[in-house]
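I have placed the structure first, in the form of structure tokens, so that the comments after it can refer back to it.
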Number of protein chains: 2
Amino acid sequence: MRLSNLADYAVVTMSAAARHCGGGRTSAAELAAETGLPVPTVQKVVSKLSAAGLLRSVRGAGGGLQLARPAAAITLADIVEAVEGPIALTACIDGDECAVDHTCSVKPHWPAVNAALRGALAGIPLTQLSKAAPREPNPSGISA
Amino acid sequence: MRLSNLADYAVVTMSAAARHCGGGRTSAAELAAETGLPVPTVQKVVSKLSAAGLLRSVRGAGGGLQLARPAAAITLADIVEAVEGPIALTACIDGDECAVDHTCSVKPHWPAVNAALRGALAGIPLTQLSKAAPREPNPSGISA
DNA sequence: GTTAAATCAGACCATTTCGTTCCGATTTTC
DNA sequence: GAAAATCGGAACGAAATGGTCTGATTTAAC
């Protein structure tokens, strides 16, 4: 129920990269300096993000990386899926069967839950995360 | 982004226990036989569910356990919270600070995401999971 | 009152996954 | 042509989880 640290770091890294979108290329070392994360960790995150197509990497000296898509077109769901794989609470949905072949009555209900969860994450674009102050003027419905 | 196996087993166990609600007491061994899970695993799950107040255990010979609340009043969120702890995607919300003291711009946005996730799980009561056939007449929007 | 059985509860150990780190391949600039 | 800087992948170590076992407690029966 808690996403991995890598996914968290990926969100932070993408948020930092979004600010450099206008400036052009950025390096992993620079992102590490801005976010305060270890450089190797940022490299690993960048690798996954690049493989997923969210980040475009340019090799060579003076190279760097930049967002492959506009910040508004990248959501939390995209970042999480890039690092964590498909958004599924259980492994039985992801093609892998349960260890026991019991007639799992709850198995058919997971897709709906997964879809609801993914929808919640897909509703937060990257542009929203770049803002310093969040937009939660109506916290009444939020009990967090 | 994927809940632990214990939480999955807890959901299955609670679903099985819900069917025995009318029959009165049930034992962990019986639930294990019905679900196909190992007996010790069910015992561990039952322990956590009892500690959370979702399941009432009766010690001694002829004892057993039964739902502490009506099945309709128990949701997926309750079961997940009983096993996994508070529903929070990041540890920074749960009182623990991030490893780095960077000005995390995404931190203020997690509560809204957590609330949305919890709401999705709270909308699935235990009675719904007991049904053999799920209610997913419109799988078009689900890409799982 | 005593014995016996059945239950849950907690603690221990092995396994897997995740996180971190390091080294190599590739590419551009001077 | 050489050098420098970058990303990409692989290996190691650590932490958390999953599974298992043994023990304490309680009830029922004799």
Side-chain angles (χ1 to χ4, degrees), chain A residues 1-10 12-13 17 20 24-33 35-66 68 80 82-85 90-91 94 96 98-100, chain B residues 1-13 17 20 24-33 35-66 68 80 82-85 89-91 94 96 98-100:
Chain A
M1 212 59 239
R2 193 160 302 177
L3 54 82
S4 64
N5 294 353
L6 270 301
D8 189 3
Y9 299 159
V12 176
T13 302
H20 289 275
R25 288 171 291 278
T26 314
S27 65
E30 188 175 4
L31 291 175
T35 57
L37 298 171
V39 177
T41 300
V42 175
Q43 286 185 357
K44 190 177 185 65
V45 170
V46 166
S47 300
K48 293 208 173 192
L49 291 171
S50 301
L54 270 66
L55 225 55
R56 185 170 302 279
S57 64
V58 178
R59 305 274 290 262
L65 37 96
Q66 56 184 4
V80 171
V83 179
E84 297 266 328
T90 56
D94 198 43
D96 190 8
C98 297
V100 289
Chain B
M1 211 61 236
R2 192 160 301 175
L3 54 82
S4 63
N5 294 353
L6 271 301
D8 188 4
Y9 299 158
V11 175
V12 175
T13 302
H20 290 276
R25 288 171 289 279
T26 314
S27 66
E30 188 174 4
L31 292 175
T35 57
L37 298 171
V39 177
T41 299
V42 175
Q43 286 185 357
K44 192 178 185 64
V45 170
V46 166
S47 298
K48 292 206 173 193
L49 292 171
S50 301
L54 271 66
L55 225 56
R56 185 170 302 278
S57 63
V58 178
R59 306 274 291 264
L65 38 96
Q66 57 184 5
V80 171
V83 178
E84 297 267 328
L89 271 64
T90 56
D94 198 43
D96 191 6
C98 298
V100 289

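Chain letters run A, B, ... following the sequence lines, proteins first, then strands; residues in each count from 1.
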In whole angstrom, what separates [X]'s [atom1] from [N]'s [atom2]?
| X | N | atom1 | atom2 | answer |
| --- | --- | --- | --- | --- |
| Arg56(A) | dG8(D) | CZ | P | 12 Å |
| Leu65(B) | dA6(C) | CG | P | 17 Å |
| Lys48(B) | dG19(D) | NZ | C1' | 13 Å |
| Gln66(B) | dC8(C) | CD | C1' | 15 Å |
| Glu30(B) | dA6(C) | CD | C1' | 14 Å |
| Arg59(B) | dT7(C) | CZ | P | 12 Å |

* To do: Classify the nucleic acid contact of Ala51(A) as base, sugar-phosphate or nothing, counting any heavy atom under 4.0 Å across all strands shown.
  => nothing
* For dA5(D), does either OP1 or OP2 sit under 4.0 Å from a side-chain N or O belonging to Ser27(A)? ->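 No.
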* Using only side-chain N and O atoms of Ser57(A), determine if any of them is under 4.0 Å from OP1 or OP2 of dT6(D). => no
* How does each nucleotide of nucleotides 18-23 of chain C score, in 5' to 3' order, for protein heavy atoms under 4.0 Å: base (B), sugar-phosphate only (S), or none (-)? -> -SBB--
* Sequence neighbours excluded, which residues qualify as side-chain hydrogen bond (donor to acceptor under 3.5 Å, both in side chains) partners of Glu84(A)? ->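 With neighbours one apart ignored, the set is Ser4(A).
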* Val83(B) side chain reached by Leu3(B) side chain, heavy atoms, under 4.5 Å -> no
* Can you tell me how far the CD atom of Glu30(A) sits from the OG1 atom of Thr35(A), to the nearest 0.5 Å? ->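 Those atoms lie 10.5 Å apart.
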* Looking at Asn5(B), Val45(B), Thr13(B), Asp8(B), which hits side-chain contact (heavy atoms from CB on, under 4.5 Å) with Leu37(B)? ->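 Looking at Asn5(B), Val45(B), Thr13(B), Asp8(B), the match for Leu37(B) under the side-chain contact (heavy atoms from CB on, under 4.5 Å) is Thr13(B).
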* **Result of checking Val42(A), Val39(A), Val12(A) against Leu31(A) for side-chain contact (heavy atoms from CB on, under 4.5 Å)** => Val42(A)
* Structure fact -> Heavy-atom nearest pair, Val46(A) first then Ala28(A), reads CG2-CB, 4.4 Å
